[in-house]
Number of protein chains: 2
Amino acid sequence: MGRRRTVSAGEPLIWEDDDSLLVANVIEGVLKLTTSTADGREQIVGVAYPSDFIGRPFGQTSAASVVALTDARVCVFARNDFDRFAREHPELEHKLLERTLAELDRTRAWMMLLGRKSAPEKIATFLLDMSERLADNGCMAHTGPARQFTLPFSRQQVADLLGLTIETVSRQFTKLKADGVVALPSRRDVEILDRAALEMLAG
Amino acid sequence: MGRRRTVSAGEPLIWEDDDSLLVANVIEGVLKLTTSTADGREQIVGVAYPSDFIGRPFGQTSAASVVALTDARVCVFARNDFDRFAREHPELEHKLLERTLAELDRTRAWMMLLGRKSAPEKIATFLLDMSERLADNGCMAHTGPARQFTLPFSRQQVADLLGLTIETVSRQFTKLKADGVVALPSRRDVEILDRAALEMLAG
DNA sequence: GCGCCAGTTTGATCTGGGTCAAGGAGCGCG
DNA sequence: CGCGCTCCTTGACCCAGATCAAACTGGCGC
């Protein structure tokens, strides 16, 4: 049941496989879910971490495309098989429902960010959100928010997540560093120096 | 199982009822799901039409508040009862899962709108979306997109849905009217005169 | 170590949409 | 019928963040 597959950073996860759509479970790594307009604007609409489901069981294929942000290992299922299996195993469907409801909550909170928050608020919210989702090595944390961590995102991807341009993201990072709120030891690394200030900025 | 309740336009649907959280099914009318910041900015994160579920089964209460846009009838359940009932009826859970997945897809499409679309694109997308969801009387259409319909939203609510200000919404409506793309016979009524133009604008 | 190149930062300028401030316009009510 | 209230439109101006245009930086191959 379900074949292992590895995807390296930057590679798309293809949804077509011998005539059937796929559903997958993330084992390791981080992937982005995006939608794009015809003229190339991109919005990241979801981020999948280990243990998250991706794909669209039942009904038609979803519009989002999936690309690995880090090297990743996933477990893929032909959708037909998965659908049948799920319908025969209510416990699995229940689990899936709980996860989908949680994801919907997170997505709705992100809508508020996209529609109503300013650039400084977006960046602060993003950093706090990341510190909760990432331990030092990029996996799920059960040890509370991390003080320092490595982003699985480039600046452009942060921009695509927050509905900003790369220049604005860069300027906001520089500002936070200048104000002593965060340290940026390397392009991808963040250390939170003043969490209270970030929480204030996040609104 | 489940008590009927009526909510008039503008009234909130209270989630606390003799010590237990509620879950509800919309029978008639339209309701908005919103989140707000401390300083009063509001974002509509979902709209519930007849047959939609609202509330948060399993897990903790969701952050969104629910307000009726039109007079509405809903069927409410104590959440504990609902959770137990759902777990004993896999068919219900399956239905709920399908709806939740569909809602997640719609929400993700809306993220693209909020993060990356311009005001004219937002308005055009909104009008096309409404024409698909509303028949003349504000109920679900199975007759294809409506050419004219009554919005269940005030201008301010359209702004809260699209992440704009009321003034920008008003100006965009005026522009579309001036360009002969739509007719606006009254504050809440819209008639689409040139669907192709709207689709072009929506991007 | 040196050059190259993608990703990033920084600066200068522009503009879409926000803000502030008046008017209109529909509608319920006396 | 006209008063008043709420919602909506319109106008003038402004500013956060986009756009355009260079530099800078840090890996990596040679």
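Both backbone and side-chain heavy atoms feed into the values below; hydrogens, waters and symmetry mates do not. Each chain gets a letter, A, B and so on, in the order the sequences are listed, and its residues count up from 1.
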### Task
Using the heavy-atom set of chain A and a strict 4.0 Å cut-off, write down the first and last nucleotide of DNA chain C that makes it in, 5' to 3'.
C:dG7 to C:dA12
Residue [X], side-chain atoms from C-beta onward, closest of [options]:
X	options	answer
B:Arg187	D:dT9, D:dG17, D:dT6	D:dT6
A:Thr165	D:dT9, D:dT19, D:dG17	D:dT19
B:Ser170	D:dA21, D:dG11, D:dC8	D:dC8

### Task
Classify the nucleic acid contact of B:Ser118 as base, sugar-phosphate or nothing, counting any heavy atom under 4.0 Å across all strands shown.
sugar-phosphate
### Query
Would you say the side chain of A:Glu167 and the base of D:dC20 hold a donor-acceptor pair, judged only by whether the two atoms sit under 3.5 Å apart?
yes
### Query
What distance separates A:Ile123 CD1 from A:Leu128 CG, expressed to the nearest 0.5 Å?
11.5 Å
Between [N] ([atom2]) and [X] ([atom1]): distance, integer Å:
X	N	atom1	atom2	value
B:Phe153	D:dC7	CZ	C1'	17 Å
B:Ile123	D:dT9	CD1	P	11 Å
A:Lys175	D:dG17	NZ	C1'	15 Å
A:Asp189	D:dG26	CG	C1'	14 Å
A:Leu164	D:dA18	CG	C1'	10 Å
A:Ile166	D:dA23	CD1	P	18 Å
A:Arg155	D:dC24	CZ	C1'	14 Å

#### Entry: B:Arg106 bridged to B:Glu103 by N-O distance under 4.0 Å
yes
### Query
So, are A:Glu191 and A:Arg147 salt-bridged, with charged N and O less than 4.0 Å apart?
yes
### Which residue lies more 5' along DNA chain C, comparing A:Arg116 with A:Leu184 via nearest heavy atoms
A:Leu184
### Message
Ignoring hydrogens, what is the shortest heavy-atom contact between A:Pro145 and A:Arg195? Give both atom names and the distance.
### Response
CB-NH2, 3.5 Å
## Note on the structure
Between A:Arg171 and B:Thr174, whichever has its closest DNA chain D nucleotide further toward 5' is B:Thr174
### Pair A:Ser8, A:Asp71: side-chain N/O donor-acceptor within cut-off below 3.5 Å
no
### Query
Side chains of B:His94 and B:Glu98: donor-acceptor distance under 3.5 Å anywhere?
yes
### Task
Using the side-chain contact (heavy atoms from CB on, under 4.5 Å) rule, take A:Asp160 and A:Thr34 through it: C-alpha gap first, then chi angles, then the decisive distance, then the call.
CA-CA 9 Å; A:Asp160 291 341; A:Thr34 61; over 6 Å; no
